[in-house]
Colleague: 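This is the structure I want to talk about, given as structure tokens.
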Amino acid sequence: AKEQGRSRCLHFDAEMTEQVTRRLSIEKSIRKGLERDEFQVYYQPRINIFNGRLVGMEALVRWVPEHGAVVSPAEFIPVAEETGLIVALGERVLRLACAQMRIWADRGWGDLRMSVNISARQFQANLTERVAAALRDSGISPDSLELEITETTMMRDIGQTVLLLEQLNGMGLKIAIDDFGTGHSSLYYLKRFPISTLKIDRSFVRDIMKDDGDANIVSTIITMGHNLSLNVVAEGVETDEQLAFLRDKGCVEVQGFYYSRPVPAAEFEDFVLRHRS
Ligand code: C2E
Ligand code: CA
Ligand code: CA
Ligand code: CA
């Protein structure tokens with residue numbers, strides 16, 4: 001306790017007080033936002049660049065306060081993760097995304113796949129039950145749901161990861177490794193985890209045209225993923241040049257502003273209609 005007291009004196013300066021205050025106020029507003037149902041889900045299309053077809057969409061949370069502009073996840077996800085509120089928030093997103101998928105399946109779009117981000121704190125023993133309940137309540141087919149889990153989260157506790165992924169895979173869900181390339185997974189685990197998709201982190205795709213290192217990393221991931229029979233998705237595609245590079249390397253699926261930013265459900269429907277006819 002003495003040790004703690006001393007370090008508090010040393011570090012608890014004005015800047016830190018400000019930071020803590022800010023964090024507390026964000027935490028309080030997240031709670032309020034959850035109570036008031038102010039979180040919405042936006043959708044970003046995932047496209048097969050060889051046949052031009054829409055493969056599915058990623059659900060991305062947005063905070064839409066009653067009065068005020070849309071808040072991006074960078075503003076509140078870190079605090080939600082620190083405080084554990086991400087569990088409630090993630091559950092809300094999962095529920096909203098499944099309910100939306102139900103509506104779209106009823107419209108005849110049941111072949112699309114809904115991808116939902118799962119944070120480290122949600123990736124624990126009760127996740128399977130949570131997901132099973134969300135599937136049951138929405139009535140959507142398990143194979144229309146994909147969970148995106150970051151490489152870092154997966155590598156935290158290999159034993160638990162294998163257990164959880166096998167349960168989820170056994171239920172018929174698809175699993176994607178998100179932000180691939182930023183963590184430390186080995187080929188061994190890529191083979192051992194029952195995953196179906198690798199999502200190449202946007203930081204590599206961003207610089208493929210100007211950084212040979214990044215270009216090499218991206219083409220290596222594509223080849224490796226395909227050798228392991230995985231879907232490979234490149235994130236953050238914005239330009240014709242990036243698209244041409246990825247196509248040339250045989251990357252089948254992409255996501256990015258080139259096709260669409262994440263948009264509210266109604267706007268996503270317009271995108272689907274334009275894309276299907
Ligand atoms: P992420 O899972 O890697 O999601 C991709 C992010 O890249 C999204 O940012 C998306 O808008 C952005 N993006 C997609 N294409 C492009 C592009 O071409 N250019 C650029 N510059 N950006 C692009 P967003 O929606 O702001 O989300 C940021 C992060 O917040 C996500 O990264 C994810 O880690 C987290 N997040 C968002 N929604 C959820 C959620 O429901 N649950 C959890 N746990 N995390 C979420
Ligand atoms: Ca993601
Ligand atoms: Ca990602
Ligand atoms: Ca990311």
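Residue numbers run from 1 in the order of the sequence given. Start at 1 and go down the list; that is how both ligands and their atoms are numbered.
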Colleague: Does Pro262 come within less than 4.0 Å of ligand 1, judged by its heavy atoms?
Modeller: yes
Colleague: Could you tell me if any non-hydrogen atom of Arg62 lies under 4.0 Å from any atom of ligand 1?
Modeller: yes
Colleague: Does atom CZ (Arg22) have a neighbourhood of more than 12 heavy atoms from anything else shown, all under 6.0 Å?
Modeller: no
Colleague: Check whether Val116 and Leu34 end up in the same hydrophobic cluster, where Ile, Leu, Val, Met, Phe, Trp and Tyr are linked by side-chain heavy atoms less than 4.5 Å apart.
Modeller: yes
Colleague: For the Ca ion (ligand 2), how many protein N, O or S atoms lie at less than 3.0 Å?
Modeller: 4
Colleague: State the CZ-CG distance between Phe123 and Leu168, to the nearest 0.5 angstrom.
Modeller: 7.0 Å
Colleague: Just to be sure I'm reading this right: ignoring hydrogens, which of Gln242, Glu58, Glu148 gets closest to atom 1 (P) of ligand 1? Compare them by their nearest heavy atoms.
Modeller: Glu58
Colleague: What do you reckon, does Asp178 have a nitrogen or oxygen under 3.5 Å from a nitrogen or oxygen of ligand 1?
Modeller: yes
Colleague: To the nearest 0.5 Å, how far apart are OG1 in Thr152 and CE in Met154?
Modeller: 10.5 Å
Colleague: Using a heavy-atom cut-off of under 4.0 Å, does the side chain or the backbone of Arg261 touch ligand 1, or both, or neither?
Modeller: neither
Colleague: Does Ile30 share a hydrophobic cluster with Val70, counting links as ILVMFWY side-chain heavy atoms below 4.5 Å and allowing steps through other members?
Modeller: no
Colleague: For ligand 1, is there an N or O atom under 3.5 Å from any N or O atom of Arg202?
Modeller: yes
Colleague: Are Val71 and Val64 connected into the same hydrophobic cluster when the rule is that any two of I, L, V, M, F, W, Y join if their side-chain heavy atoms are below 4.5 Å apart?
Modeller: no
Colleague: Based purely on interatomic distance, does Val61 place a nitrogen or oxygen under 3.5 Å from a nitrogen or oxygen of ligand 1?
Modeller: yes
Colleague: Indicate if Phe50 and Tyr258 have the same hydrophobic cluster label, given that clusters are the connected sets of ILVMFWY residues with side-chain heavy-atom separations under 4.5 angstrom.
Modeller: yes
Colleague: Look at ligand 1 and say whether Gln255 reaches it with a heavy atom at a distance under 4.0 Å.
Modeller: no
Colleague: With no hydrogens and no angle check, do the side chains of Gln167 and Thr128 hold a donor and an acceptor under 3.5 Å apart?
Modeller: yes
Colleague: Between Gly236, Ala59, Pro73, which one has a non-hydrogen atom sitting closest to atom 26 (O) of ligand 1?
Modeller: Pro73
Colleague: Would you tabulate the side-chain donor-acceptor contacts of residues 246-254 under 3.5 Å, counting partners in other chains and residues two or more places apart, or write 'none'?
Modeller:
{"residue": "Arg247", "atom": "NE", "partner": "Ile49", "partner atom": "O", "Å": "3.4"}
{"residue": "Arg247", "atom": "NH2", "partner": "Ile49", "partner atom": "O", "Å": "3.3"}
{"residue": "Glu253", "atom": "OE1", "partner": "Arg46", "partner atom": "NH1", "Å": "3.2"}

Colleague: Just go through Phe257, Tyr42, Phe123, Tyr258 and tell me whose heavy atom is the nearest to atom 22 (N) of ligand 1.
Modeller: Phe257
Colleague: Are the ring centres of Trp109 and Phe268 closer than 6.0 Å?
Modeller: no
Colleague: Quick check: is Ile195 connected to Val55 through a chain of hydrophobic side chains (ILVMFWY, heavy atoms under 4.5 Å apart)?
Modeller: no
